[in-house]
Structure formats: structure tokens, C-alpha cells
Number of protein chains: 2
Amino acid sequence: MMFSKACEYGIRAAVYIALQSLDGRRVSVTEIAGEIDSPIAFTAKILQQLTRNNIVNSVKGPTGGFEIERKDMDRVNLSMIVKAIDGDNIYVGCGLGLKECNADKPCPLHDKFVDIRSNLRTMLKSTSLYELATGLEVGLTYLKR
Amino acid sequence: MMFSKACEYGIRAAVYIALQSLDGRRVSVTEIAGEIDSPIAFTAKILQQLTRNNIVNSVKGPTGGFEIERKDMDRVNLSMIVKAIDGDNIYVGCGLGLKECNADKPCPLHDKFVDIRSNLRTMLKSTSLYELATGLEVGLTYLKR
DNA sequence: TTTAAATAGGATAAAATTGTCCTTTATTAA
DNA sequence: TTAATAAAGGACAATTTTATCCTATTTAAA
Ligand code: FES
Ligand code: FES
């Protein structure tokens with residue numbers, strides 16, 4: 001709805017990797033896909049994007065897998081993940097589909113839409129991977145159901 | 001981003017029809033598509049959905065076209081249009097793609113997501129077609145660019 | 001040094017969304 | 001009554017998104 005499937009998988013995967021990294025565990029694509037209930041090969045593609053964007057870290061070979069350093073869990077927020085996967089249309093796009101959102105020649109929904117979008121942006125920017133992972137750790141939230 | 005292309009066209013079309021109906025003019029699909037800059041045949045499909053959902057009124061034959069009664073411009077809000085075209089996933093869906101949004105077994109983003117979504121729902125429900133059409137009429141907003 | 005395990009990446013396939021074309025139906029006006 | 005006009009609807013095509021499969025590359029451990 002708000003995010004593409006790829007983006008949803010990407011966020012869930014990143015949170016799971018963070019959670020495991022808090023325990024010092026490196027995780028494979030297969031494990032991740034199993035734990036977040038996503039298609040394996042498609043998830044692998046998305047993890048490549050996250051890796052290229054320095055959101056998670058990948059290590060090849062035996063004992064390899066994905067991980068994220070403790071300090072990066074603070075640095076990485078949802079806005080970065082969404083941008084890496086869905087691009088910044090969520091920020092610059094017009095709610096009614098005009099070429100771009102432009103206050104000088106606004107669509108009828110502009111003012112109200114900008115309002116909502118601004119809340120969303122603030123939320124995404126201020127939500128770190130660490131914050132999401134710790135909720136999971138405590139058992140208050142879930143990545144599949 | 002937030003709405004499908006079909007939904008964006010649908011909202012723009014409905015607003016244009018409302019605007020013209022304020023002047024007592026009935027409009028054809030061809031005119032609508034021209035004025036909101038959308039593909040004609042695809043727009044026709046979307047207008048069928050709006051008609052079936054009693055959001056706009058259609059009249060066949062010469063002098064026919066689409067219109068919306070003054071009182072319906074107050075009754076119809078954006079939420080109704082979005083539901084008619086995109087369904088209610090926007091209301092019941094989980095932001096991270098879990099089967100459904102459920103506070104009893106929430107995803108890590110649930111609380112923050114519900115917040116944003118609630119703002120969005122309130123906005124959509126409280127925005128009438130009449131309100132959007134009058135902004136256009138006054139020349140403050142635009143349906144294409 | 002070989003083997004096996006893991007990610008990277010290219011090629012394709014399937015599904016969903018977006019878009020087009022053509023025929024049918026209804027209705028107005030000549 | 002006929003002709004012309006406009007929406008309704010069915011079939012199909014193109015594009016985008018989602019998903020799969022297979023090979024190459026890297027690397028750790030036996
Ligand atoms: S112009 Fe449409 S949302 Fe800004
Ligand atoms: S469970 Fe994910 S948004 Fe409610």
C-alpha cells in the first residue's frame with residue numbers, strides 16, 4: 001500500500017539481521033527468508049540492494065552471511081531503507097499523480113497531502129533499526145504471522 | 001506511491017466532473033481524459049467503477065456523459081473513491097506487509113504506522129468532492145501540469 | 001589444495017497493473 | 001424510423017513488479 005513488497009521485505013529483513021547481530025550472529029538469506037516469511041531468491045536481490053547502499057554488511061563464503069554493526073543500527077533509519085529500495089518518489093511525488101509535487105501549481109489535494117507526507121517522513125527518519133530490533137528482542141513485536 | 005494510478009486518475013476525474021457539474025455541464029470521457037491528462041480508454045474503465053459505486057452519474061447517448069449532483073458533492077469524500085478503486089487495504093493492511101494489521105501481534109512499526117494511517121484516514125474522510133472542486137474553480141489548484 | 005558454503009549477478013518467468021481496441025447497448029435528435 | 005453519439009463491457013497487449021533458476025565468485029575449513 002504505502003511501500004512496495006520489495007520494500008516491506010527489505011525492512012523486515014534489515015530488522016531481523018539487526019536483531020541477530022545484537023547476539024553476534026551472522027545470518028544467511030535462507031534463514032532470513034524463513035524468519036520473515038518471504039521468497040528466498042527475491043529476498044536475496046533486495047539484500048544486494050541493501051548491501052550496495054551500506055545498510056547491511058555481507059560476507060561471502062562459509063560462516064558468511066549478513067550482519068549489521070551496532071553503531072550502524074543507530075545510523076540507519078527507515079527513510080534510508082525506503083529510499084534505497086523505492087526511491088524518493090514518496091518524498092517528491094504528487095498525491096494525485098501530477099508530474100511532480102509543486103506548491104506553485106498545486107493539485108487540489110496538495111496542502112492536505114503534504115501534511116500527511118511530512119508526518120510520514122518525520123516518522124521514517126526518526127525510526128532507527130536499533131529501535132525496531134529491540135522491540136522484537138523483548139518479544140513485543142513480530143516479523144511474521 | 002500512496003494510491004494506484006487508477007485511483008489517482010479516478011480522483012482527478014471525479015473532481016473535474018464535479019467542477020463542470022457546478023456549471024451544469026455534463027462531460028464525456030474524451031473531454032475528461034483530455035483535461036486531467038490521462039489515457040482515454042483506461043479512464044473510461046475507472047469511470048465505470050465510479051458509476052457502479054454511485055460516486056458519479058452516467059448518461060448514455062447524445063448529450064450524455066458524466067455528471068454529479070450538487071448534494072452528492074457533499075456526500076462523496078475521498079475515502080469513498082479510494083475504497084471503490086483501491087479497496088480497503090489502505091485501512092486494514094500492515095505497513096510491513098504482514099497478513100493483516102493486528103494490534104495483538106503487531107509488527108515493529110505498528111504503533112507509528114497506525115498513527116500516520118489514522119491521520120490519512122481522517123483526512124480522506126473529511127475531504128469532500130465539493131471542497132476540492134471549488135479550489136479548482138477559484139483557480140488556486142490544477143488537475144494537470 | 002580441494003571442497004563446500006555462502007553471496008553476487010544475469011537471464012527468465014509469472015503475476016499484477018496499466019493501457020488499448022473493438023463491439024454492444026442505450027438514447028437523443030433529425 | 002434512422003442515424004449519430006455516448007457509455008458499457010469484453011478481449012487483448014504492454015509494462016512493471018514480483019519471483020525463480022542457474023552460474024560465477026569469494027572464502028573458510030578440512
Ligand atoms: S501537487 Fe499534488 S501533492 Fe503537491
Ligand atoms: S501490524 Fe504492522 S502495521 Fe499493524
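Chain A is the first sequence line, chain B the second, and so forth, proteins listed ahead of strands; every chain is numbered from 1.
- Using a 30° and 60° split on the angle between ring planes, B/F3 and A/F113 fall in the tilted class, from 30° to 60°.
- Distance CD (B/E8) to P (C/dT18): 9 Å, rounded to an integer number of Å.
- With respect to the salt-bridge test (charged N to carboxylate O, under 4.0 angstrom), the residues A/K99 and B/D37 qualify.
- The stretch residues 27-47 of chain B touches DNA chain D through B/V27, B/S28, B/V29, B/K45, each having a heavy atom under 4.0 angstrom from the strand.
- Of the possible donor and acceptor atoms, one in the side chain of A/N77 sits under 3.5 Å from a partner among the backbone N and O of A/M80.
- A nucleotide of DNA chain D counts as in contact with chain A when one of its atoms lies under 4.0 Å from a heavy atom; the first and last such, 5' to 3', are D/dT18 to D/dA28.
- Annotation: the span from A/K105 atom NZ to A/H110 atom NE2 amounts to 14.5 Å, rounded to 0.5 Å.
- Using a 4.0 Å cut-off between a side-chain N of Lys or Arg and a carboxylate O of Asp or Glu, B/R145 and A/E100 qualify as a salt bridge.
- When each of A/K5 and B/R52 is assigned the nucleotide of DNA chain D with its nearest heavy atom, B/R52 is the one assigned upstream, toward the 5' end.
- When atom types are taken as modelled, the side chain of A/R12 and the backbone of B/C107 share no donor-acceptor pair closer than 3.5 angstrom.
- In terms of phosphate contacts, A/Q48 brings a side-chain nitrogen or oxygen within less than 4.0 Å of OP1 or OP2 of C/dG9.
- Proximity of a side-chain donor or acceptor of B/T127 to a complementary backbone N or O of B/L78 within less than 3.5 Å is not detected.
- A heavy atom lying under 4.0 Å from DNA chain C marks the following residues of residues 53-67 of chain B, by number: B/K60, B/G61, B/P62, B/T63.
- Separating the CZ atom in A/R121 from the CG atom in A/D88 is a distance of 11.0 Å, to the nearest 0.5 Å.
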Worksheet item: Please walk me through it: do A/D115 and A/K112 pass salt bridge (charged side-chain N to carboxylate O under 4.0 Å, His left out)?
Response: CA-CA 5 Å; A/D115 231 51; A/K112 295 179 173 194; over 6 Å; no
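- Atom OH of residue B/Y142 and atom CG of residue A/L96 lie 15.0 Å apart, to the nearest 0.5 angstrom.
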